[in-house]
Number of protein chains: 2
Amino acid sequence: MLGLKLPTDPRWVNIVEKNIDEILTDHAYCEQKAASTAISLIVSYPEYTELTQEMIALSREEMAHFKMVHDRILERGQVLGRNRKDDYVIQLLKFFPKGGSRTTQLVHRLLYAALIEARSCERFRLLSEQLQDKELAEFYHKLMISEAGHYTMFLKFAREYGNLEEVNTKWQALLEYEAEIMKDLGKKETVHG
Amino acid sequence: MLGLKLPTDPRWVNIVEKNIDEILTDHAYCEQKAASTAISLIVSYPEYTELTQEMIALSREEMAHFKMVHDRILERGQVLGRNRKDDYVIQLLKFFPKGGSRTTQLVHRLLYAALIEARSCERFRLLSEQLQDKELAEFYHKLMISEAGHYTMFLKFAREYGNLEEVNTKWQALLEYEAEIMKDLGKKETVHG
């Protein structure tokens with residue numbers, strides 16, 4: 001359903017299982033970055049009214065998720081750690097050429113967001129199905145559903161604002177590119193690592 | 001109550017009254033910047049748990065305000081325009097020396113946020129009392145109450161995390177400095193201009 005070309009190495013869940021504190025910290029920042037991306041899309045493209053409305057709702061939802069994750073960190077007697085760089089995201093950004101028209105740039109940002117949501121959704125599904133901690137599994141099940149909705153929304157906007165055929169071609173190329181990146185990932189205690 | 005040393009030139013409301021579309025656009029971005037500031041405080045100081053919790057709530061509230069302003073812009077048949085630089089904020093930032101300890105930097109960011117909330121509160125009060133459009137006046141009355149709460153919160157955190165006496169001295173100096181800036185302002189159709 002998500003279109004991803006390579007599933008995450010199933011051993012990734014075992015790594016997560018042994019590093020719940022680390023995954024929660026990384027996850028919190030994924031939610032924060034998603035909120036910041038939504039706000040940044042508003043600032044860059046305010047004239048796209050429907051996008052702006054959805055990005056307002058999304059930024060609020062992502063910060064609500066951030067709170068859910070933050071609360072879990074506190075419940076575990078921990079304090080939120082520092083943000084660390086996300087190699088997956090750095091690699092992903094290399095797919096998109098610099099420059100191009102304003103609309104092209106918007107489409108790229110929407111596809112980028114769609115893909116991160118899709119991969120997060122796949123990862124959260126794995127956690128929801130395989131984590132030993134059933135309560136934490138249930139937590140990830142709920143978030144997985146949200147991420148799937150976001151993925152669909154970003155892809156819809158990309159297809160609406162860009163040329164449909166071009167967007168579909170680019171999306172397929174991006175999925176292929178991401179599968180290549182993914183071959184080397186799934187080995188770290190982070191949401192996308 | 002807000003501690004401000006110089007009230008806004010009352011003619012500012014007349015300028016706003018003739019430029020409602022411009023003030024709403026500028027106001028929307030004030031809410032967005034407040035949300036972004038809250039998120040940025042979380043990323044910079046995640047170990048301050050109480051601050052993080054409050055900044056999560058604040059970022060969500062500011063984006064809810066952003067939506068309220070955006071909806072008004074749409075109701076007026078307009079589309080959100082581009083963000084423009086805020087001379088008041090640029091001037092205000094010059095008060096704070098670069099460098100200093102991590103805690104000093106945090107205190108500066110909290111005082112900066114407190115002052116912007118205080119001035120916004122004063123400006124919204126003026127609008128709530130003097131706008132001819134009574135429904136818009138009521139809108140600003142509600143927001144004025146929120147801004148007052150935020151001002152108190154930021155000042156409380158500054159006093160809690162910094163040295164109380166030093167923070168109070170710095171706050172007074174900042175208020176004096178801001179009053180100097182304000183002498184040349186109150187002449188533009190923006191929230192702080």
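Computed from a predicted structure; not experimentally measured. Protein chains get the first letters and strands the later ones, always in sequence-line order, with residue 1 at the start of each.
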Taking a hydrophobic cluster as the set of Ile, Leu, Val, Met, Phe, Trp and Tyr residues connected by side-chain heavy atoms closer than 4.5 Å, whether directly or through intermediates, do [X] and [Y] fall within one such cluster?
| X | Y | answer |
| --- | --- | --- |
| B:Ile116 | B:Leu175 | yes |
| A:Phe154 | A:Tyr161 | yes |
| B:Phe139 | B:Val191 | yes |
| A:Leu6 | A:Tyr151 | yes |
| A:Leu185 | A:Val13 | no |

Report, by ascending residue number, the residues of [range] in heavy-atom contact with chain B at a distance under 4.5 Å; give 'none' if the set is empty.
| range | value |
| --- | --- |
| residues 164-173 of chain A | none |
| residues 56-90 of chain A | A:Ile56, A:Ser59, A:Arg60, A:Met63, A:Ala64, A:Phe66, A:Lys67, A:His70, A:Asp71, A:Leu74, A:Val79, A:Leu80, A:Gly81, A:Arg82 |
| residues 15-32 of chain A | A:Tyr29, A:Gln32 |

(request) Under 4.5 Å, heavy atom to heavy atom: which of residues 34-55 of chain B reach chain A? Give them by number, or say none. (result) B:Ala35, B:Ser36, B:Ile39, B:Ile42, B:Val43, B:Ser44, B:Pro46, B:Glu47, B:Thr49, B:Thr52, B:Gln53
(message) Heavy-atom count check: over 12 atoms from other residues, nucleotides or ligands less than 6.0 Å from B:Lys142 NZ?
(response) no
(request) Determine whether more than 12 heavy atoms belonging to other residues, nucleotides or ligands lie under 6.0 Å from atom CZ of B:Arg102. (result) yes
